[in-house]
Amino acid sequence: MPDAVVNFSLLQRTCSLVVVLCFLHISVTLIYYMRNSDSRKAFVQNQQTPQMHRKLTEQKVTTEDIRLNRLSSVTNITETERKLETCPDNPPHLVGPLRVEFSDPVTLDLVRSDNSVLQPGGRFKPRDCIAQQKVAMIIPFRNRDEHLKYWLYYLHPILQRQELDYGVYIINQAESSDADSVAGEETFNRAKLLNIGYAEALKEYDYDCFVFSDVDLIPMDDRNFYKCYSQPRHLSVSMDKFGFRLPYTQYFGGVSSLSKEQFLKINGFPNNYWGWGGEDDDIFNRVASKGMTISRPDAIIGRCRMIRHERDRQNDPNPQRFDRIAHTRETMGKDGINSLTYTVVKVEKDQLFTKITVDVGKP
Ligand code: UDH
Ligand code: MN
């Protein structure tokens, strides 16, 4: 064979080999890429909030729906006829222990963009099931915007994973209009604000459960359900500031929940505890005097953090509190939700909460 022909066939074989190798390389790269993108998708899904996760699964359902719709003409089952079921006792998206810290700055805009599923006023309902309870979250408030941001940042996703039908109510004690009062502020009245929260929330929706939460308390486990039980519930049982245990057995402060029925049974909360302390013990006395007991989560699930703070202005310890607590049984019938008076000054609907500014009067 002439040299030129030998060279040519060698070149041809080399070229074919290169083409085969290139093809192999591209195939391997493609397979590798596709596998990787699958696991990337799985990772993204793990980061989703329940609503986002549902959006993803719903997209999958769409093709399934096409099939179902074709069948529906035969079996006569339409989409609207498919009834939602009651949400389960163990919601599937709970994660258990949570990392809670207050070092990273949080902005309301960030929290808003993380919670686009909310209806105006900080309202939420699960989409795939009917919530077991309709819960109003009531927060007594004055001048604690920094703490409120963290509360909203941590609690909204937790409450959504708990599959509650809920609304968030910030009951803001108005600055006094009385020019003579010290620094333009009256003494703080936590329990009266909670009563007002109960009354105002009920004007808006048929709530059957009320969670009363300090603005600075964040649960460290999403299995601590912000809902009601067969007995009044104490939720903040294991606070960091008390070394993760109850300070005393009758302690009922921080975060608690009562059904509408339980709340009415004790005539709500006292209206005449001005300044810090005692109102939570009065509420405990009311519950005990009506023969009810306190329900609590265990000390692990009930762990929570309080944002460190100094005592606020116009909220000094109430010197009358010991005397008041000693007479709960005699006073609770005439001081409570049946004797509540106040004036609503302003109602603001944010995406994350309903803020109701109220004039509670003065001691
Ligand atoms: N609150 C306000 N504004 C006030 C006072 C109270 O929003 O000016 C609300 C808020 O929801 C707060 C709750 O009422 O979480 C209870 O008040 P608190 O946090 O002052 O009560 P706590 O027992 O603090 O946590 C006691 C004072 C601690 C001083 C420690 C100084 N080192
Ligand atoms: Mn506090």
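Since we're looking at a predicted model, the values are computed, not measured. Order of listing sets the numbers, starting from 1, for every ligand and every atom in it. Values below: every heavy atom of this structure, side chains too, minus hydrogens, waters and symmetry copies.
A centroid separation of less than 6.0 Å is found between the aromatic rings of Tyr198 and Phe263. A ring-centre distance under 6.0 Å is found for Tyr248 and Tyr251. Taking the centre of each ring, Phe102 and His309 stay at or above the 6.0 Å mark.
No salt bridge links Arg321 with Asp281; every basic N to acidic carboxylate O contact stays at or beyond 4.0 Å.
No donor-acceptor pair under 3.5 Å is formed between the side chain of His147 and the backbone N or O of Ile307.
The closest approach between any non-hydrogen atom of Ile139 and ligand 1 is not below 4.0 Å. For Lys241, the heavy-atom gap to ligand 1 drops under 4.0 angstrom. Residue-ligand proximity: Met306 is placed with a non-hydrogen atom under 4.0 Å from ligand 1.
The protein non-hydrogen atom at the shortest distance from atom 14 (O) of ligand 1 is Phe188 CE2, 3.5 Å.
Residue contact annotation: Asp214 places no N/O/S atom under 2.8 Å from the Mn ion (ligand 2).
Contact annotation: for His309 versus ligand 1, heavy atoms closer than 4.0 Å belong to both the backbone and the side chain. Counting heavy atoms under 4.0 Å from ligand 1, residue Val215 touches it through both backbone and side chain.
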